[in-house]
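Below is one structure, written out as structure tokens; the observations come after it.
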Amino acid sequence: MLNVLVLALIGGYIFHLLHIPIPWMLGPIVVIVMAQFVYKGPLKWTPLTIDIGVVIVGTAIGVQFNVSLFNNIGSILFYMIMLNIILIASSIGVAYLIAKWIKVPVKSVILGTIPGGLGQIIVFAEEEKVSDLGVISYFQVIRLLLVVVVVPFIVAGQVMSKHETVAPMTSSLLFLIALSWVCARVSQKLHIPVAYFITPIIVIIALQLATPIAMPPVPSYVMAIAQLLIGAHIGLMLKPDMIKLPVRILVAGIVSAFALIILTLGSSFLMLFAMNTTFATSFLSTAPGGLDQMVLLANAIKADVSLVSMFQTFRLLFIFLLILPLLKLFYHWLEKRQNQQQVFEKKNEVRVKV
């Protein structure tokens, strides 16, 4: 774990000196990905560290959340549903075309292309007895990596103009982070999706609505720590073994990731004009990246963090609670139909023989 921390610090510092967007996340990602192909020793990063990073991000979003957005929740919900339907339909369309190209079952490519959480997608694939878990993992990981690396440069001008928040670490902020951690642990035991991110936001918004407590400022270095903890985890997700897949599949994963980036870039303009947001806010709200990474980037460039977190959280819940169950029903119906077709064909063969 210490060697990963050292690599993450080196990467973050180099990217900081080069004035690259969100350096303390991108730096660790790039350096650790490269190190895995050179360093033959073990590189490990405990789940506790990523959970701490996500809780910090969730707490920061809760502190900065604009509760006045709830006044327009009806229209916001409409746009969230519309944009997610466009995203899922586009993902399935891209998956269908790629499956035809690389000769992999459409079922596997759809699970690799849908921008949900890697862990939940893999669990779903195992439940459905999908055999191409390596392909699904690669598609999900390469999408996440490319989105995290490419998207910051699309909004790079706004990143460069961002001024750091100079503020001391206060006891009230430490208390809120600790409270969020405890509540997130309880939520995880209750199997609430993305508990370490959603729970802190809900808890702190509830405090804002129910109490007169003033929310403390979040120092820039606290967000840098969260970036580093999350970036090191992402860097370790791309395993050298994944590169052993056929070249066509490796290329297809990259193509599908860029296709989704372009499609969401287009749909972000719908949100920009319909909701009168900035380009950065609309693009980060629709980008098919990880929830915590897109929110970190929104925080870094002073986009509307509240709106980005709402749209990104809704996308994950939309996929977990609606799309995956619908896919399960569809796959079971398709399997039943295929079995019936096979039985029908066997009966016809028997009749012909007779």
Side-chain angles (χ1 to χ4, degrees), residues 77-78 80-144 147 191-194 242 244-264 266-267 286 288 313-354:
L77 184 60
F78 169 77
M80 287 193 294
I81 293 172
M82 181 184 70
L83 290 171
N84 274 283
I85 289 174
I86 293 172
L87 175 60
I88 299 304
S90 302
S91 300
I92 293 173
V94 169
Y96 178 80
L97 294 174
I98 286 178
K100 295 295 182 183
W101 172 39
I102 63 176
K103 311 300 181 185
V104 171
V106 177
K107 184 177 182 178
S108 301
V109 184
I110 287 176
L111 291 178
T113 307
I114 287 179
L118 174 61
Q120 289 82 1
I121 294 291
I122 293 299
V123 169
F124 178 83
E126 290 174 341
E127 290 175 352
E128 294 302 304
K129 297 180 173 60
V130 178
S131 57
D132 302 300
L133 293 180
V135 174
I136 295 171
S137 298
Y138 168 72
F139 269 62
Q140 288 285 342
V141 170
I142 200 67
R143 171 185 56 79
L144 181 64
V147 169
H191 304 290
I192 293 175
V194 284
M242 290 182 178
K244 296 178 181 178
L245 290 167
V247 174
R248 182 175 290 187
I249 291 177
L250 296 178
V251 174
I254 296 171
V255 169
S256 69
F258 276 110
L260 286 180
I261 292 173
I262 293 169
L263 287 166
T264 53
S267 65
T286 58
T313 301
F314 183 84
R315 171 171 62 83
L316 284 181
L317 294 177
F318 187 78
I319 290 172
F320 296 160
L321 303 179
L322 181 63
I323 300 303
L324 290 184
L326 286 177
L327 281 177
K328 183 186 286 285
L329 290 174
F330 174 72
Y331 289 154
H332 287 180
W333 172 82
L334 190 62
E335 183 179 359
K336 184 178 179 180
R337 185 179 177 184
Q338 290 172 344
N339 291 337
Q340 289 174 344
Q341 183 68 24
Q342 290 174 359
V343 171
F344 179 75
E345 289 174 356
K346 287 180 180 179
K347 286 182 179 179
N348 283 341
E349 289 177 4
V350 171
R351 287 174 183 173
V352 170
K353 289 179 181 179
V354 172

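Remark: Pro105 pairs with Ser108, Asp132 by the side chain to side chain contact (heavy atoms under 4.5 Å, CB included) rule, at least two apart or across chains. Take Lys100 and apply the salt bridge (charged side-chain N to carboxylate O under 4.0 Å, His left out) test, not counting sequence neighbours, and it matches no residue.
Between atom CD1 of residue Ile114 and atom CD1 of residue Ile121 there is a gap of 6.0 Å, rounded to the nearest 0.5 Å. Phe314 CZ to Leu77 CG: the interatomic distance, rounded to the nearest 0.5 Å, is 5.5 Å.
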With a cut-off of 3.5 Å and sequence neighbours excluded, list every side-chain donor-acceptor pair involving residues 247-255.
{"residue": "Arg248", "atom": "NH1", "partner": "Trp101", "partner atom": "O", "Å": "3.0"}

Which atom pairs, one a donor and one an acceptor, fall under 3.5 Å between side chains of residues 316-323 and the rest of the protein, sequence neighbours left out?
none

Report, one line per pair, each donor and acceptor closer than 3.5 Å where one atom sits in a side chain of residues 85-98; sequence neighbours left out.
{"residue": "Ser90", "atom": "OG", "partner": "Ile86", "partner atom": "O", "Å": "2.7"}
{"residue": "Ser91", "atom": "OG", "partner": "Leu87", "partner atom": "O", "Å": "2.8"}

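Between Ala257 and Arg143 the shortest heavy-atom distance is CB-CA, 3.7 Å. Closest non-hydrogen pair, Ala125 versus Leu133, comes out as CB-CD2, 3.5 Å.
Side-chain contact between Val147 and Leu260: absent, with no pair of heavy atoms (C-beta onward) separated by less than 4.5 Å.
Listed for the Thr264 side chain is a donor-acceptor partner under 3.5 Å among the backbone atoms of Ile261.
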